[in-house]
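Single-structure report; data block below.
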Amino acid sequence: MPQRHSKNNNDLAFFTYDEKKKLGYGTQKERLGKDSIKPFDACCLCLKPLIDPMSCQKGHVFCKECILECFLAQKKDIRRKLAAHTAQKKQEKEEEEERLMLQKAREIDAFDQQNHGAVPQYNDRNHSRDKNGFHGANSVKVTSYEEEALRTMKAFWLPSATPEAPVKVEAPSTSTICPEGKEKLKLKSLFPIYFTEDDCERKKSNSLDKTYICPSCKVTLTNTLSLVALSSCGHVFCKKCADRFMAVDKVCLLCDKACKERNLVTLEKGGTGFAGHGDHLEATDFKHLGSGSGLGLVRPAAKT
């Protein structure tokens, strides 16, 4: 009979390290592939090829329709939060007025007790009714004193006296933000950009994938190149040409439109798949102890 090994020992009262690993416990790591890397000509919102591309001053590129829908959704959310904040302010004001009325009523009762020795009791039939026509303790409608007593009562076992934590709605910001960079962004700060399509490559192949080039050096644009867009006219160049010509001549090479150094906007790009490019290519996720290998939650299970 072979000697029992620690990896085969399954009659312990606790899980061994190897058993935890087999059950998927701990940090699972997965290297990102090419499908997980965004191309430079893809929208940051829909992740599809750009249609009427627009860029912000930070270099995040969006489809025109996508960014407008994002702005509309943010405006609706801001209006909803403002309405909730206004309703909360109104409710707080009403509660404050009610509290002042109750305090004033207590002061009047205390004054009556101090001057007359007791609160006057009315035995008349007309005075035993309140203004709503309810009778004293047998009334279904509680008085303001009873409502306050129920609110201050700590009897959590009574459904009617269960305390509730107040939900505080803060005043929302009225500024729209960039969905990618999380900084404040206005519609007027966006500018359209124009890529130069490679006509020779388009004639050779009839594929739907477009190939873009730098209009100055005719180099094919990929994720390995840093791209610069001019906010004054929207034309896109590689960073080498932009630093060599536009930064010195202060004019666009295509349309001869004047530009300044602040008009040079470096576009955000996706990764290349190489670790030397400075991309974070490894995804990590912590998994609690459970059945299965745990890798099915990180990547699709292999078909057998």
Side-chain angles (χ1 to χ4, degrees), residues 32 36-100 151 162-195 223 226-236 239 242 257 259-271 277-286 297:
L32 301 178
S36 302
I37 299 175
K38 186 182 80 68
F40 72 94
D41 58 342
C43 174
C44 294
L45 290 175
C46 65
L47 302 180
K48 295 180 181 179
L50 291 167
I51 300 176
D52 297 331
M54 301 190 74
S55 174
C56 65
Q57 298 298 328
K58 297 294 184 179
H60 302 120
V61 186
F62 312 94
C63 297
K64 185 176 182 179
E65 182 179 359
C66 295
I67 191 63
L68 291 181
E69 288 181 354
C70 180
F71 277 160
L72 288 176
Q74 290 187 33
K75 289 291 186 182
K76 290 181 180 179
D77 190 48
I78 290 173
R79 286 197 295 268
R80 180 184 59 81
K81 291 181 179 179
L82 282 175
H85 182 67
T86 305
Q88 177 181 330
K89 287 293 185 182
K90 184 178 179 180
Q91 183 181 0
E92 290 178 354
K93 185 177 180 181
E94 293 176 354
E95 291 178 354
E96 182 67 18
E97 292 177 354
E98 184 180 358
R99 187 183 64 81
L100 293 176
R151 284 198 300 267
T162 303
E164 295 181 358
V167 180
K168 187 70 173 178
V169 181
E170 301 293 338
S173 175
T174 57
S175 302
T176 54
I177 62 174
C178 177
E180 188 70 14
K182 303 304 180 183
E183 70 271 357
K184 292 183 179 180
L185 180 63
K186 295 183 178 180
L187 184 60
K188 64 180 181 181
S189 63
L190 296 173
F191 61 92
I193 59 176
Y194 305 99
F195 291 98
N223 280 8
S226 297
L227 306 180
V228 175
L230 302 181
S231 60
S232 57
C233 60
H235 293 119
V236 179
K239 188 172 179 57
K257 189 173 182 178
C259 64
K260 298 181 180 180
E261 188 173 358
R262 67 171 180 266
N263 298 128
L264 302 178
V265 179
T266 303
L267 299 182
E268 292 291 334
K269 58 182 179 178
H277 194 256
D279 302 319
H280 186 67
L281 300 174
E282 191 176 49
T284 60
D285 192 12
F286 180 79
L297 301 176

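Scanning for side chain to side chain donor-acceptor pair (under 3.5 Å) contacts around D77 gives R80, K81, with sequence neighbours left out.
Interatomic distance, L264 CG to S231 OG, rounded to the nearest 0.5 Å: 8.0 Å. Considering SG of C233 and NZ of K257, their distance stands at 6.5 Å, rounded to 0.5 Å. The distance from the OG1 atom of T176 to the CD atom of E183 is 10.5 Å, given to the nearest 0.5 Å. The CZ atom of F195 sits 6.5 Å away from atom CG of L227, with the distance rounded to the nearest 0.5 Å. Between the CD atom in Q88 and the NZ atom in K93 there is a gap of 15.0 Å [rounded to 0.5 Å].
Between A229 and I193 the shortest heavy-atom distance is CB-CG2, 3.9 Å. Nearest heavy atoms, S175 versus I78: O-CD1, 4.0 Å.
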Are T266 and V228 close enough, and set up right, to give a side-chain contact (heavy atoms from CB on, under 4.5 Å), and what steps lead you there?
CA-CA 4 Å; T266 303; V228 175; 4.2 Å; yes
Decide yes or no on side-chain contact (heavy atoms from CB on, under 4.5 Å) for L190 and F71, but give the supporting numbers first.
CA-CA 12 Å; L190 296 173; F71 277 160; 3.9 Å; yes
Verdict with supporting geometry, E92 and R99, salt bridge (Lys or Arg N to Asp or Glu O under 4.0 Å):
CA-CA 10 Å; E92 290 178 354; R99 187 183 64 81; over 6 Å; no
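The neighbour count for E97 CD, taken as heavy atoms of other residues, nucleotides or ligands under 6.0 Å away, is above 12.
Side-chain contact between I67 and P179: present, with at least one pair of heavy atoms (C-beta onward) separated by less than 4.5 Å.
Between H235 and Y194, the ring planes are tilted. Angles from 30° to 60° get that label.
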Report, one line per pair, each donor and acceptor closer than 3.5 Å where one atom sits in a side chain of residues 41-61; sequence neighbours left out.
| residue | atom | partner | partner atom | Å |
| --- | --- | --- | --- | --- |
| Q57 | NE2 | S189 | O | 3.1 |

